[in-house]
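What follows is a single structure, written as structure tokens, with notes after it.
Numbering starts at 1 and runs along the sequence shown. Atoms within a ligand are numbered from 1 in the order they appear, just like the ligands themselves. Model, not experiment: these values are computed from the prediction.
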Amino acid sequence: MRHLLNPLDFTVEEIDELLAVADDIEKDPSRYAHVCDGKKLATCFYEPSTRTRLSFESAMLNLGGSVLGFSSADSSSAAKGESIADTIRVISCYADICAMRHPKEGSALVASLHSGIPVINAGDGGHQHPTQTLTDLLTIHSLKGRLDHLTVGLCGDLKFGRTVHSLINALVRYPDVKFVLISPPELRVPEYIREDVLRANHIEFKELGNLDEALPELDILYMTRVQRERFFNEEDYIRLKDCYILTPKKMKLAREDMFVLHPLPRVNEISVEVDKDPRAAYFKQAQYGVYVRMALIMKLLEVKQPC
Ligand code: CP
């Protein structure tokens with residue numbers, strides 16, 4: 001039985017296969033309408049979500065399966081003190097596969113150790129968000145035609161941004177990917193990403209405070225939200241929340257073939273006027289999240305592609 005806790009749980013070859021299935025699903029979703037007939041997905045979300053939970057549910061329904069679950073800790077027996085270990089043992093009696101989001105780092109790993117069904121990490125605190133990464137990889141591959149030879153700018157909250165940590169982990173495995181890490185000093189990527197992922201793999205990267213300086217050289221700009229829920233101190237959040245705002249004026253500094261991604265939700269960091277720019281790809285990215293989660297559910301349930 002396989003789980004997905006970290007993007008590195010899959011080899012590059014497995015990710016390439018998954019993206020190829022997602023691509024095939026996009027071309028003709030109706031072929032996949034019954035491949036998971038009779039299967040059930042549990043969505044156990046202890047933290048708010050729109051895209052991840054609903055795209056998982058949409059993905060399973062598109063495959064012919066059913067969904068059950070909860071969307072907040074308050075509406076589950078976690079509110080009465082039930083442990084993750086006990087919860088997943090019970091969910092294993094009700095469903096065939098589980099997508100779990102939790103505010104504590106390592107929660108999905110704990111669940112996987114006590115589970116009788118595949119567990120998918122749908123975000124664990126400020127740690128990892130591997131299915132967002134699969135979505136990002138599919139989006140980049142579809143837009144640029146490759147995952148190698150890219151200069152990727154990551155901008156905003158690089159400290160708490162689990163989507164950033166997962167994406168860096170995944171992209172360092174492709175040749176000649178360079179990173180420009182754009183953040184205020186307080187929100188730099190964690191040291192383990194800088195040392196154990198980037199420097200240890202001899203990846204070219206630089207850290208900047210200024211978005212304008214970075215824009216002209218980027219193939220991809222990955223914007224992120226400053227996450228109020230991860231701050232201990234409201235004053236720090238207020239001081240940092242609007243440190244980067246992407247506007248049409250700034251977009252003039254970028255190349256014509258640069259694309260803007262954002263895992264969403266957006267607050268102020270991309271002005272709504274940028275949505276009209278053909279290089280704004282974040283809503284398309286949200287759509288790709290359904291296709292890649294369909295492919296992932298099939299892989300973990302060992303469901304064959306339709307003939
Ligand atoms: N990108 C993402 O994880 O969005 P949600 O928090 O809405 O699931």
Side-chain angles (χ1 to χ4, degrees), residues 4-7 22 41-62 67 69-76 97-105 107-108 111 119-140 142-143 152 154-171 220-231 237 241 244 246 259-270 272 274-275 280-297:
L4 177 65
L5 308 175
N6 182 308
L41 165 76
T43 51
C44 300
F45 276 60
Y46 296 82
E47 218 188 28
S49 168
T50 296
R51 272 146 298 276
T52 311
R53 187 170 65 84
L54 297 183
S55 65
F56 260 118
E57 295 189 358
S58 176
M60 190 46 141
L61 295 171
N62 289 345
V67 296
F70 53 86
S71 58
S72 73
D74 289 348
S75 63
S76 79
I97 186 166
C98 174
M100 176 177 285
R101 170 170 291 188
H102 200 285
K104 280 202 184 134
E105 288 81 359
S107 302
V119 172
I120 300 168
N121 180 5
D124 61 331
H127 188 216
Q128 298 283 341
H129 192 346
T131 64
Q132 180 64 50
T133 299
L134 294 177
T135 303
D136 300 340
L137 295 179
L138 179 63
T139 309
I140 295 170
S142 298
L143 295 171
V152 179
L154 298 139
C155 178
D157 178 359
L158 309 188
K159 178 180 180 183
F160 298 113
R162 58 194 175 197
T163 61
V164 166
H165 308 158
S166 288
L167 186 58
I168 293 175
N169 259 303
L171 280 174
I220 297 290
L221 172 62
Y222 194 91
M223 293 295 293
T224 62
R225 173 177 68 98
V226 175
Q227 301 177 80
R228 179 181 223 144
E229 66 273 28
R230 310 266 179 240
F231 276 79
Y237 168 71
K241 71 183 170 72
Y244 300 105
L246 187 65
F259 288 100
V260 183
L261 273 63
H262 189 310
L264 303 178
R266 145 179 72 180
V267 186
N268 282 331
E269 59 279 2
I270 302 179
V272 292
V274 174
D275 297 356
Y282 27 93
F283 291 113
K284 189 178 280 191
Q285 186 182 356
Q287 175 65 51
Y288 282 130
V290 177
Y291 305 132
V292 88
R293 288 183 175 100
M294 288 169 74
L296 175 65
I297 290 168

*Quick one: side-chain contact (heavy atoms from CB on, under 4.5 Å) partners of T131, sequence neighbours excluded?*
L4, T52, F56, I120, H129, R293, L296
*With sequence neighbours excluded, residues passing side-chain contact (heavy atoms from CB on, under 4.5 Å) with R53*: T43, F45, S49, E57, S71
_Option passing side chain to side chain contact (heavy atoms under 4.5 Å, CB included) with V290 (candidates L61, L54, N62, T135)_ = N62
*Between OG1 of T224 and CG of L261, what distance do you get to the nearest 0.5 Å?*
12.0 Å
*Atom-level proximity to ligand 1, residues with heavy atom under 4.0 Å*: S49, T50, R51, T52, R101, H129, Q132, P263, L264
_Over all atoms of both residues, closest heavy-atom pair of P265 and R225_ = O-CD, 3.4 Å
*For R101, check salt bridge (charged side-chain N to carboxylate O under 4.0 Å, His left out) against everything at least two apart and list the hits.*
none
